[in-house]
Amino acid sequence: RDPKRRHRFGWLLLALTVLVARGAAAQAESAPVQREADLSWDTDRSLLYLDLGFRDVLDAGIRSKLSRGLPTTIVLTATIQRAGSAEPVSTTTQSCRITWHVWEEAYYVEIVRPGSSQARWTTTLEGVFRRCAEAHRLLAGDATQVAPNVALYARGTIQINPVSPEVLQKLQRWVM
């Protein structure tokens with residue numbers, strides 16, 4: 001990478017909320033965690049990128065689910081905001097669907113990001129984590145949304161096997 005092409009804001013804190021599906025009928029919300037994230041500009045293309053790691057979210061329970069063959073989805077959603085403001089100036093997302101294939105003895109990983117999607121095979125959990133529990137150069141905005149040289153922060157949510165509000169309501173009614 002040409003160092004002249006990117007201007008880094010340095011390390012910024014990302015307020016991160018993790019939502020994990022617990023059982024078939026509930027989603028539990030944990031307390032927000034602050035972590036370091038990197039926002040950087042590609043000045044030639046006027047694009048803002050987000051770099052963030054969140055491997056710690058994939059606890060032992062989730063790791064064991066990954067090897068059972070049922071698809072697991074990890075969704076990162078982030079908003080970019082000006083310092084001192086709660087109004088988002090841009091949003092971004094990365095979705096990763098992981099399926100263990102017993103016969104191939106490998107994980108099939110489908111990643112969807114703004115402007116791209118890809119599918120890859122990996123034989124290790126390390127490969128899954130590298131692709132799904134880290135966001136590298138995730139498109140977070142452009143110059144029409146975010147002014148350069150403005151203090152920014154990101155606010156994000158990670159969901160493991162998210163359930164839509166409509167499905168969650170149906171499940172809650174059925175359980176009652």
Side-chain angles (χ1 to χ4, degrees), residues 1-20 29-60 62-63 66 71-99 107-162:
R1 293 183 188 149
D2 183 357
K4 295 178 186 176
R5 301 184 91 186
R6 295 181 69 200
H7 174 59
R8 289 188 179 262
F9 281 99
W11 294 101
L12 301 175
L13 291 179
L14 176 74
L16 192 63
T17 303
V18 180
L19 300 173
V20 180
E29 185 174 328
S30 65
V33 174
Q34 288 195 349
R35 62 181 67 222
E36 292 182 346
D38 185 30
L39 289 169
S40 59
W41 275 104
D42 180 330
T43 54
D44 289 346
R45 297 173 62 198
S46 297
L47 297 175
L48 180 67
Y49 292 101
L50 171 68
D51 290 303
L52 169 71
F54 47 94
R55 288 177 178 224
D56 57 304
V57 171
L58 304 180
D59 62 17
I62 294 168
R63 291 171 191 231
L66 290 173
T72 299
T73 302
I74 302 169
V75 179
L76 164 65
T77 306
T79 60
I80 308 301
Q81 297 164 269
R82 286 186 183 89
S85 173
E87 286 297 313
V89 293
S90 70
T91 61
T92 190
T93 187
Q94 173 178 289
S95 173
C96 192
R97 182 178 163 101
I98 307 122
T99 307
Y107 297 95
Y108 186 66
V109 180
E110 300 167 273
I111 304 166
V112 178
R113 304 173 72 159
S116 73
S117 64
Q118 58 180 286
R120 302 273 166 97
W121 288 92
T122 182
T123 57
T124 65
L125 275 176
E126 175 60 29
V128 170
F129 297 159
R130 191 173 50 253
R131 289 167 178 84
C132 299
E134 298 175 4
H136 295 288
R137 289 190 53 84
L138 178 62
L139 182 60
D142 61 34
T144 65
Q145 299 167 307
V146 182
N149 300 319
V150 173
L152 300 169
Y153 71 97
R155 174 169 243 120
T157 302
I158 295 174
Q159 294 178 297
I160 311 294
N161 293 328

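Below, all heavy atoms of this structure are taken into account, side chains as well, without hydrogens, waters or symmetry copies.
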**Report entry** Pair Thr77-Val75, side-chain contact (heavy atoms from CB on, under 4.5 Å): steps then yes or no
**Finding:** CA-CA 6 Å; Thr77 306; Val75 179; 3.8 Å; yes
Distance, nearest 0.5 Å, that separates [atom1] of [X] from [atom2] of [Y]:
X      : Y      : atom1 : atom2 : answer
Gln94  : Cys132 : CD    : SG    : 7.0 Å
Gln159 : Ser95  : CD    : OG    : 10.0 Å
Arg120 : Glu110 : CZ    : CD    : 12.5 Å
Gln145 : Ile80  : CD    : CD1   : 9.5 Å

Requested in this report: Begin from the C-alpha positions of Thr72 and Tyr107 and carry the test side-chain contact (heavy atoms from CB on, under 4.5 Å) through to its verdict.
Outcome: CA-CA 11 Å; Thr72 299; Tyr107 297 95; over 6 Å; no
Requested in this report: Check step by step if side-chain contact (heavy atoms from CB on, under 4.5 Å) holds for Leu52 and Leu138.
Outcome: CA-CA 9 Å; Leu52 169 71; Leu138 178 62; over 6 Å; no
Query raised in the report: Do the side chain of Arg45 and the main chain of Asp142 share a donor and acceptor less than 3.5 angstrom apart?
Result: no
What heavy-atom pair brings [X] and [Y] nearest, and what distance separates the two atoms?
X      : Y      : result
Tyr153 : Ala83  : CD2-CA, 4.0 Å
Ala119 : Tyr108 : CB-OH, 3.1 Å
Asp42  : Arg137 : OD2-NH2, 3.8 Å
Arg131 : Trp121 : NH2-O, 4.3 Å
Thr73  : Pro162 : O-CD, 3.9 Å
Thr93  : Pro114 : O-CD, 3.2 Å

Query raised in the report: Can you list the steps and then say if Val150 with Val89 is a side-chain contact (heavy atoms from CB on, under 4.5 Å)?
Result: CA-CA 12 Å; Val150 173; Val89 293; over 6 Å; no
Query raised in the report: Does the side chain of Thr92 reach to within under 4.5 Å of the side chain of Leu76, using non-hydrogen atoms?
Result: no
Query raised in the report: Hey, are Ser85 and Glu87 close enough side-chain-wise for a donor-acceptor pair under 3.5 Å?
Result: no
Requested in this report: Verify the neighbour count for atom CZ of Arg82: are there more than 12 heavy atoms of other residues, nucleotides or ligands below 6.0 Å?
Outcome: no
Report task. For atom CZ of Arg63, decide whether the heavy atoms of other residues, nucleotides or ligands shown that lie under 6.0 angstrom number more than 12. Result -> yes
Report task. Among Ile158, Ile62, Val109, Ile111, find the one that has a side-chain contact (heavy atoms from CB on, under 4.5 Å) with Ile74. Result -> Ile158
